[in-house]
There are 2 protein chains.
Amino acid sequence: MQVSLTEVTDADRKNMIKTQIPDVIVGRLPRYLRALKILRENHTTINSKELGELLGFSAAQIRKDLSQFGEFGKQGTGYNIDFLIDRLQNILNINQDWGILLVGVGKIGRAILNYSGFSANRFHVKAAVDSNPDVIGEQFERCIVEDIRDMKKIIEENQIKIAMLAVPAENAQKVAEELVADGIRAILTYAPAILTLPPEIKVEYSDPLISLQHMTYYL
Amino acid sequence: MQVSLTEVTDADRKNMIKTQIPDVIVGRLPRYLRALKILRENHTTINSKELGELLGFSAAQIRKDLSQFGEFGKQGTGYNIDFLIDRLQNILNINQDWGILLVGVGKIGRAILNYSGFSANRFHVKAAVDSNPDVIGEQFERCIVEDIRDMKKIIEENQIKIAMLAVPAENAQKVAEELVADGIRAILTYAPAILTLPPEIKVEYSDPLISLQHMTYYL
DNA sequence: ACGTGTGAATTTCTTCACAGCC
DNA sequence: GGCTGTGAAGAAATTCACACGT
């Protein structure tokens, strides 16, 4: 009689954990990280109470969030900042470089190309594409704008998984579908549109208008 | 013996309701609004199921959210789109014009001045200020950049309640505190910083890096 | 028959409070 | 003494499911 061994790979295990951790918690990790990088300037260690006060979260929430991923703190002391930064970067998969494709080189697209905050954090705009012949071939920062029709080739050759979408709202859904078909797995969109994509594709909206409309409720 | 009448003003009532409605619900209203404005092109009526499918929310959630503010739908029919748009705009206080102060006219600030999506939605950048003498006096779109030292006067004269903050991260907290002291009640910040302000001040962060770091967790 | 509005049930998220370790 | 990690408690958000109006 044969014992049934269930083979569990590292990737499986990682995925199991991922689906177990609530997205609200994951969404707070980048904020913790940002705070820690600021604190690093003056401190080597931080406790959950102080970190919470800086960020506007409760100490208990911070401890519980972090405890989902391991025991990163020391009783009586708190958390070593450098260590915690490294752990968070590992959890978030940002201890590695990520290539980004920019789609749409209008005003917003150019502002993105100008912004240096990405590459300082290991996100690199590898290529930019547009459909406008007047823009194709032009150079912004280190990117020469390529033809959107070559998108698939560019994504495959550079193994790009993340796209920033800065096209007019009316084209956003169509272009997003193409991106997904070409292998993109995550989209940060600046288009004021609603994207309907398979659930395994991660989408984040950067939408100042929605933020403003949220705030005016309270004014 | 005198009957104790508790005087409740309209403003009081509005505030009571505001604190009762959870912020997560308020945060979804602008998204409903955006969807409805798109649907308006082809439909006059919509039901919670279809609206939910478009937005990726459950039908029950949409019905429950909307029911917090009134009975906007009709059994058997759904919601009249134009009517619901008007109601949501009223709830969100965006059936009126809002003046905005832009603080910081660097790359991001200029992109904001260029963006026409705000004024199309009754948000108007009334003034832009900076501390850099090279930039003060220059004109971008309809705004002549003014001296940041005149900020208080500008806010008061134009009765501005909302600011967009696009200054370097290291100045963000200090400038934000000045804004609050000068009468600003809501801040949409593009600076990769953590703002610590009184709880009655509404702050929204527009931070692509945090969005990217959130997504890479799943990649 | 269709679809809203809504109490009730369920699930998820947050806080509490304390044992245990530094 | 100080502070983490964590079960348990509590609060909040979401979904269910159906009465009722059109």
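No hydrogens, no waters, no symmetry mates; every other heavy atom, side chains included, goes into these values. Letters A, B, ... are given to chains in the order of the sequence lines, protein chains preceding strands, and every chain is numbered from 1.
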[X] [atom1] - [N] [atom2] separation (whole Å):
| X | N | atom1 | atom2 | answer |
| --- | --- | --- | --- | --- |
| A/Gln20 | C/dC13 | CD | C1' | 17 Å |
| B/His43 | C/dG3 | NE2 | P | 13 Å |
| B/Ile46 | C/dG3 | CD1 | C1' | 12 Å |
| B/Phe72 | C/dG5 | CZ | P | 9 Å |
| B/Lys74 | C/dC2 | NZ | C1' | 14 Å |
| A/Arg63 | D/dG2 | CZ | C1' | 11 Å |
| B/Phe57 | D/dC16 | CZ | P | 16 Å |
| A/Leu66 | C/dT14 | CG | C1' | 15 Å |

Report yes if at least one side-chain N or O of [X] is closer than 4.0 Å to OP1 or OP2 of [N]; otherwise report no.
| X | N | value |
| --- | --- | --- |
| B/Thr77 | C/dG3 | no |
| A/Gln75 | C/dG20 | no |
| A/Ser58 | C/dT15 | yes |
| B/Arg28 | D/dA13 | no |
| B/Tyr79 | C/dG5 | yes |
| A/Ser48 | D/dT4 | yes |

Check your understanding: Is the NZ or CZ atom of A/Arg31 both under 6.0 Å from the centre of the six-membered ring of A/Phe57 and within 45° of that ring's axis?
Key -> no
Review point. What is the ring orientation for A/Tyr115 with A/Phe118, classed by angle as parallel under 30°, tilted 30 to 60°, or perpendicular over 60°?
Key: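 Rings of A/Tyr115 and A/Phe118: perpendicular, as their planes differ by over 60°.
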Check your understanding: Is the NZ atom of B/Lys74 crowded by more than 12 outside heavy atoms at less than 6.0 Å?
Key ->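 No.
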Check your understanding: Considering residues, nucleotides and ligands other than B/Lys202, do more than 12 of their heavy atoms fall under 6.0 Å from its NZ?
Key ->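 Yes - once you tally the heavy atoms of other residues, nucleotides and ligands closer than 6.0 Å, there are more than 12.
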Review point. DNA chain C: A/Gly76 or A/Ala60, which has the more 5' nearest nucleotide?
Key: A/Ala60
Exercise for review: Using a 4.0 Å heavy-atom cut-off across all strands, classify B/Lys64 as base, sugar-phosphate, or nothing.
Suggested key: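 B/Lys64: base contact, heavy atoms under 4.0 Å.
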Point to revise | Considering all heavy atoms, the nearest B/Leu212-A/Ile100 contact | key: CD1-CD1, 3.9 Å
Practice item. Return the nearest nucleotide to the side chain of B/Val24; candidates are D/dT14, C/dT15, D/dC20. Key: D/dT14
